[in-house]
Amino acid sequence: MSRVGFVTADAYFGHESFVDFGPDVEPGAQLETPEPRKRLLRLLTKTGAVDACEPIATMALTRADLERVHTREYLDAFERLSAGPGGELGDYAGFGHGSYEIAVLSAGGVTAAATAVWRNDVERAFALVRPPGHHAEPDRARGYCLLANIPIAVQHLRAHHELGRVAIIDWDVHHGNGAQRIYYSDPETLTVSVHQEELYPVDSGFITEVGEGPATGTNVNIPLPAGCGMGAYRDAFSRLVEPTVRHFRPDLLIVACGYDPGLLDPSSQMAVPARGFGEFTRRMMMLADELCGGRLVVAQEGGYSPLHSPFCGTAVVHALLGWEHLPVDPNPADDDAPEQRLHPWQAEAVTAAMEAARKSGALPR
Ligand SMILES: [Zn+2]
């Protein structure tokens, strides 16, 4: 049996995001569409990665599963609008008819992946779900995210399978505001977000947001300046992400995996090549091996380039499988290219975040 679980469902590709950009942008010109994920699934099928993984079925979640994270009022409104033509319940988070059921299935996909890993049915798992979840807050949708997929999975495991300490590592280029808000006063959940500074949401993701009360030191933000490639990301992982997770000692590691730090992403200004996402994944595998019996869940979040993001996702899944080879990257980038080198202002941003983490207790003082 394969030790890597893989979740996906046809329904995920039927969900339509909708953002009204005003009268000058023709309807249908959306950033978040099914196409990048469809292409990822086709590429993973072509490389043999899907066949090499253990298929995991999505889990049917109950309303009680959702209410561990979201308010009843929000869920009622979402269900009602989704039964009609759709609507919008937050910024940049419009949806169409039937999206409620698909969003529940998306959260159910991450929950199924996390359950399989926690029960040791597989060692690691990848959840190719849609819509994404890391911006969703208890009482509102945000940034294409309708339900908080990862927190719903975590709270399900805590309710049914005695899960204890969890570390959520979010490398999507946008701030992981959802998990931050949901777990801001929970000392059992470490939330670490590496993102482009003041991108989205513009008013969160700062180094001063460190958790509160007994959870002080369990929220770590690493806002990086625009233009970072592998040099800056390696610096952030080595000096801050990994030491923080080691210091916290989780029982389970979950990655909020976006490909939008990718060098062709239309929603950001970072420069991570496709192979970089494989490297991030291998680093998380080593950390999981060291700290929590290898238990690692990777959940799909953003990434909007139909050309580039399938290669980024393939690098992630191949890494999970322990495969070295990758399909030919249409945009390879050498480590010594200017956008890949570590520049002083990037190292300074990591140092500032480290100092905040030391002060909060996220890192040893
Ligand atoms: Zn994103």
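Indexing begins at 1, ligand by ligand and atom by atom, following the structure's order. Excluded from the calculations below are hydrogen atoms, water molecules and symmetry mates; all remaining heavy atoms, backbone and side chain alike, are included.
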(request) Verify the distance test for His174 against the Zn ion (ligand 1): any N/O/S atom under 2.8 Å, yes or no. (result) yes
(request) Compute the centroid of each ring, for Tyr144 and then for Tyr304, and state whether the two points are separated by less than 6.0 Å. (result) yes
(message) Looking at the Zn ion (ligand 1), is there an N, O or S atom belonging to Asp260 that lies under 2.8 Å away from it?
(response) yes
(message) Just checking Phe280 against Phe237, ring centres under 6.0 Å apart?
(response) yes
(message) Looking at Tyr74, I'd like to know if the NZ or CZ of Arg140 sits under 6.0 Å from its six-membered ring centre while staying within 45 degrees of the ring's axis.
(response) no
(request) Have a look at Asp172 and say which of its N, O or S atoms is nearest the Zn ion (ligand 1). (result) OD1
(request) For this output row, return yes or no: ring centroids of Phe78 and His70 closer than 6.0 angstrom. (result) no
